[in-house]
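Have a look at the structure below, then the notes.
Heads up: numbering here begins at 1 and tracks the sequence. These values consider heavy atoms only, across backbone and side chains, with no hydrogens, waters or symmetry-generated copies. In this text, all values refer to a predicted model and were calculated from it rather than measured experimentally.
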Amino acid sequence: MSNSSDQLEEIKTLISSGSKCLAYSTLLHFQEQSSGDPTSIQALAEISQILLSLIVADISDDDEEIAALALKCLGFMIYHPSLVAVIAVDDANLVIESLVRLITTTKMKSVRNLGVWCISIQQFNAPFLDSHYNSLLQAVVHALDNPIGSLSTTFEAIQALIKLASNLSERMRDSSHLWAPPIYRRLLSFDKKERDMSERCLSKIKPIILPPPLVLSKVLVKDMKQILLTKMKELLNQGMKVQAIHAWGWFIRLLGSYAMKNRQLTNEMLKIPENTFSDLNPQVQIASQFAWEGLIDALIHPPIVACETNASKEEKGVQHLQKSRETSDKIQANGFLKSIRLVMTPLTGIISSKCDISVHSSCLNTWCYLLHKLDTSINDPSVIKLVLEPICEAIFRIGPESKSVSSWNLCLDLLDDFILAKCKEVEYVTSNSASHHLSATKFLWKQYSVKWLPWDICQLDFHLNIIFILIRQASIATVNIEYKSFACDAALRLFLSVLKGVRLELEKPSTNYNDIMLCLGTVLRFIKKICEDVSSEGSDSSDLHHTCLRFIDTVTKELQPATLESPLYKVSLDLKYIDKLQSVNNIRHAKFMDICSIVHMNMVSPVVYLLVAYLCVVFQSTMKTSKTELILQGIHKYFKFLFSSYDPLETLLAMISLLYNYVGPHCLNIWIAIAKGLTDCIDDVKELSLLRMESNSTGFLAICSLLLYPFSVCSCPQKNSASLVSGFSQQPHVSPQRKLDFEHVFEVWKTLYSSLKTSQNVYCSATNSFLEDLYSMLNGCLDEHARMLDGANDLDLSYKDLDLDLLSLYGNVIICFLEENCTSEVGSDKSRHKHIGDCKISSNMNVSLRFASRYLKVLCTKLATEPPTGLLVTSR
């Protein structure tokens with residue numbers, strides 16, 4: 001401590017004796033060494049008052065070296081917190097006044113620079129600086145406007161300006177018209193260093209001057225008219241487009257909303273980006289995108305809706321005030337939408353064009369910045385139509401190619417978060433303290449947040465239209481398989497999110513009947529649209545049928561049965577395929593079984609609508625798509641879910657009605673999948689209301705009709721069935737694989753029959769009637785087959801081959817019946833009564849034998865018509 005004090009005393013003596021260069025050099029060295037030594041700092045603090053008076057006197061010395069060394073020492077004294085803390089107010093006042101006087105009067109550049117540097121590093125508190133604000137600002141502005149054009153002086157002045165802005169932001173904002181012009185004018189300098197310094201300064205103090213005070217905008221307007229606009233055009237003419245558009249971005253920011261009050265000037269300014277946006281150089285286009293964010297800052301200030309007062313609206317004065325506010329809000333909103341439209345024009349054009357991927361990325365970045373600046377106004381339907389819809393549509397129409405997949409992912413994440421905002425419970429408090437549910441999405445490039453509010457059902461069409469664009473993209477034949485799959489998965493992902501919101505809306509107690517019908521109608525129209533689009537001409541639908549079925553499956557599973565099967569919400573069955581189906585439906589089996597056919601434009605429950613749409617797509621897709629196996633697995637799971645979760649009788653009737661309109665050999669795989677679904681449901685649940693039925697009931701006939709279906713298929717002439725379902729290839733020969741398929745049909749038939757037999761409440765008092773009705777229907781099909789044999793010569797070879805499969809199928813069923821009855825006959829009386837109650841086993845046996853007899857007669861006719869040869873007789 002004593003050693004430090006001695007050194008400082010020596011320095012003081014040297015200053016007093018006139019050896020100032022040596023003294024200040026020694027002091028500067030001492031300060032540098034003491035920065036990490038508390039003892040030395042303490043010694044400096046004790047003598048600071050005396051040293052400050054000496055230093056302040058010498059900063060104005062005519063000797064440049066002495067003045068410079070004194071200023072460096074002064075800088076340390078007013079920078080170190082421990083030293084600043086002990087400086088008296090009067091001494092601090094003296095320091096500031098001396099520095100201001102020095103900066104504004106000295107002719108020595110290095111001394112002025114060091115004086116400004118002292119201001120930029122000083123650590124005086126804000127209230128003290130505020131008391132000297134005007135003089136400090138005068139000194140700094142003088143340094144900015146330095147007449148000799150020294151870049152070093154400008155640099156130090158900018159640092160001092162940034163320091164004052166950090167301490168006195170409000171005062172600096174209020175006086176920005178005084179200090180900002182010397183900075184923004186340098187943006188048009190031909191000197192790169194000068195331009196860079198100015199831009200860095202504006203970037204650092206951006207929060208202070210934006211949105212700009214009116215007084216600053218007015219000064220800028222005057223500058224623009226006098227010189228700046230002309231200078232920007234000069235830069236353009238000299239090929240310095242990037243520099244010109246960079247400056248333009250700052251100018252438009254600093255004009256702010258005042259730009260709209262100077263439309264003539266603004267229109268002239270807009271010619272600058274009009275020139276650069278059309279430039280072929282990607283760097284110029286990217287710079288234009290960045291500068292365009294300046295226009296967003298200037299124009300996008302979401303309108304604040306005036307809050308209603310609690311005063312009585314019946315009073316004339318208040319009514320007039322309310323009407324005036326509404327008019328004002330409407331005018332403000334119209335102007336706001338015009339500003340958005342102006343901002344969006346080049347962005348939409350760039351996204352839709354075939355430009356460099358870096359330009360696309362930059363454009364999306366600017367777009368994300370716009371979404372961020374829109375705040376909660378982005379949720380307004382009119383804003384969504386202007387901002388969100390055109391960009392998403394343009395990106396999705398381009399296709400998920402390797403260059404655009406990042407853009408796709410961005411839009412998908414954005415839309416998904418917007419859609420899911422309806423299901424999130426995030427609180428956001430606006431400036432008027434109103435509480436909203438809000439979700440914020442963050443993006444990769446600049447981490448802009450977007451404030452989503454729960455969407456209204458009126459926006460449901462927008463979401464579904466975007467999803468439909470994705471589906472259409474996947475239907476384009478030139479898109480490769482990988483991108484088709486990507487587009488389909490993306491569409492399904494968004495659709496699932498939409499359905500979550502719809503379900504939430506449907507389950508809200510406050511949702512009225514009309515809104516429920518609006519939701520259901522919109523979703524079903526969308527399903528109809530994609531179903532019809534998949535089968536339309538010109539679409540590559542080889543894999544889209546599977547995707548379409550996944551959409552229907554998602555609706556069925558995501559929305560609640562209480563809504564979808566309610567008789568209150570019936571909708572018109574307006575599927576075009578049903579209408580075409582009726583015009584060619586000449587099948588007699590449906591009438592025979594007394595099952596009501598699906599009729600075009602009938603009123604049905606939403607779940608029946610979905611089921612019919614599902615089967616229409618299935619019948620158009622099976623046997624001609626690479627995903628046939630996936631589709632068949634999906635049918636199995638879908639109908640198992642329907643039978644388990646919805647009214648099984650309604651499901652069964654609708655399904656059977658449609659199945660019998662599509663009679664044809666190719667339908668057997670579909671029947672197998674459905675039968676498996678019903679079997680699994682029966683085995684899992686063990687008891688269905690469908691199965692608790694009386695003889696001759698609708699459910700009773702429906703069960704029989706389902707079991708009869710394979711025989712109806714085989715009894716129908718191939719030439720008729722082919723006309724019902726276009727696009728299915730018909731095999732002219734029966735292959736070994738096909739024979740195996742018919743064996744599989746019988747196995748599934750037998751499994752379903754056994755499940756029905758063993759399920760509760762089926763085989764009680766109605767057992768005889770059930771079997772008699774089933775046998776009667778089978779006999780009817782056999783009679784139909786016999787009539788077909790009479791005209792066999794008129795039929796094609798494929799039907800004759802099919803005839804063999806049908807006889808084999810009948811034979812297996814008869815064997816099943818006879819084995820079952822034989823087993824029952826030899827059972828004990830106790831077991832017999834336990835299973836069939838009052839029913840007579842012999843009666844069942846008689847029916848089985850009569851059916852077997854009828855079968856043998858048909859078989860004999862077949863053998864007489866076509867005498868067997870070789871191994872065929874043995875195999876039969």
Side-chain angles (χ1 to χ4, degrees), residues 24 27-28 30-32 34-36 40-42 44-61 67-106 108-144 146 152-173 175 178-179 183 197 200-201 204-205 208:
Y24 287 126
L27 177 58
L28 187 60
F30 179 87
Q31 289 174 332
E32 290 172 351
S34 66
S35 59
S40 299
I41 292 295
Q42 180 63 33
L44 264 176
E46 291 174 356
I47 200 173
S48 63
Q49 185 174 8
I50 298 173
L51 283 177
L52 273 176
S53 61
L54 296 172
I55 293 171
V56 169
D58 288 332
I59 63 174
S60 300
D61 197 286
L69 287 169
L71 282 166
K72 291 178 181 178
C73 293
L74 177 62
F76 186 86
M77 299 294 288
I78 62 178
Y79 170 75
H80 199 286
S82 299
L83 300 179
V84 173
V86 299
I87 297 176
V89 175
D90 291 341
D91 292 334
N93 289 334
L94 178 63
V95 169
I96 295 299
E97 291 167 3
S98 299
L99 286 172
V100 169
R101 184 167 55 251
L102 174 69
I103 294 168
T104 55
T105 60
T106 186
M108 295 178 283
K109 184 178 75 171
S110 63
V111 172
R112 180 187 295 112
N113 289 357
L114 286 168
V116 180
W117 170 75
C118 286
I119 292 177
S120 69
I121 67 168
Q122 53 74 32
Q123 296 296 320
F124 295 120
N125 59 46
F128 173 77
L129 293 175
D130 187 62
S131 65
H132 292 275
Y133 177 74
N134 291 331
S135 59
L136 285 169
L137 184 62
Q138 179 188 359
V140 172
V141 172
H142 179 81
L144 282 171
N146 67 92
S152 59
T153 302
T154 300
F155 174 79
E156 297 298 346
I158 286 175
Q159 302 311 307
L161 197 69
I162 294 171
K163 178 65 176 179
L164 291 176
S166 66
N167 291 110
L168 305 168
S169 58
E170 287 298 322
R171 293 292 298 271
M172 288 291 285
R173 176 175 171 79
S175 57
L178 299 175
W179 55 262
I183 298 175
M197 280 193 299
R200 279 196 297 269
C201 176
K204 288 184 178 180
I205 61 176
I208 294 175

So, for [X] and [Y], which heavy atoms are closest and what is the spacing to 0.1 Å?
{"X": "M108", "Y": "D61", "result": "CE-O, 3.8 Å"}
{"X": "L129", "Y": "F124", "result": "CD1-O, 3.7 Å"}
{"X": "S152", "Y": "N113", "result": "OG-ND2, 2.9 Å"}
{"X": "A143", "Y": "T153", "result": "O-CG2, 3.5 Å"}
{"X": "M172", "Y": "A165", "result": "CG-CA, 3.7 Å"}
{"X": "V86", "Y": "S48", "result": "CG2-OG, 3.7 Å"}

| said: Using a 6.0 Å cut-off, check whether atom OH of Y133 has over 12 heavy atoms from anything other than its own residue. | reply: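 Buried by this count: over 12 neighbours within 6.0 Å.
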
Give a yes or no on whether the backbone of [Y] and the side-chain of [X] come within a donor-acceptor separation of less than 3.5 Å.
{"X": "E97", "Y": "V95", "result": "no"}
{"X": "N93", "Y": "V89", "result": "yes"}
{"X": "Q31", "Y": "C73", "result": "yes"}
{"X": "S169", "Y": "S166", "result": "no"}
{"X": "W179", "Y": "L137", "result": "no"}
{"X": "S175", "Y": "R171", "result": "yes"}

What is the distance from atom [atom1] of [X] to atom [atom2] of [Y], rounded to the nearest 0.5 Å?
{"X": "R101", "Y": "I96", "atom1": "CZ", "atom2": "CD1", "value": "12.0 Å"}
{"X": "S35", "Y": "F30", "atom1": "OG", "atom2": "CZ", "value": "11.0 Å"}
{"X": "K72", "Y": "L28", "atom1": "NZ", "atom2": "CG", "value": "6.5 Å"}
{"X": "C201", "Y": "K204", "atom1": "SG", "atom2": "NZ", "value": "8.5 Å"}
{"X": "L168", "Y": "L164", "atom1": "CG", "atom2": "CG", "value": "6.5 Å"}
{"X": "L161", "Y": "I183", "atom1": "CG", "atom2": "CD1", "value": "4.5 Å"}

Mind checking whether [X] and [Y] have side chains closer than 4.5 Å, heavy atoms only?
{"X": "Y24", "Y": "I55", "value": "yes"}
{"X": "L94", "Y": "L52", "value": "no"}
{"X": "L71", "Y": "V116", "value": "no"}
{"X": "L83", "Y": "I78", "value": "no"}

| field | side chain to side chain contact (heavy atoms under 4.5 Å, CB included) assessment of I119 paired with I103 | value | CA-CA 10 Å; I119 292 177; I103 294 168; 3.5 Å; yes

| task | Under the side chain to side chain contact (heavy atoms under 4.5 Å, CB included) rule, what do N125 and N167 come out as? Steps first, then yes or no, please. | result | CA-CA 8 Å; N125 59 46; N167 291 110; over 6 Å; no

| task | Report the C-alpha separation of Q122 and M77 in whole Å, then their side-chain angles, then the decisive distance to 0.1 Å, and conclude whether the side chain to side chain contact (heavy atoms under 4.5 Å, CB included) test is met. | result | CA-CA 9 Å; Q122 53 74 32; M77 299 294 288; over 6 Å; no

| request: Show the numbers, then the answer: is there a side chain to side chain contact (heavy atoms under 4.5 Å, CB included) between I59 and L114? | output: CA-CA 10 Å; I59 63 174; L114 286 168; over 6 Å; no

| query | Side-chain donor-acceptor pair under 3.5 Å between S53 and D91, yes or no? | reply | no

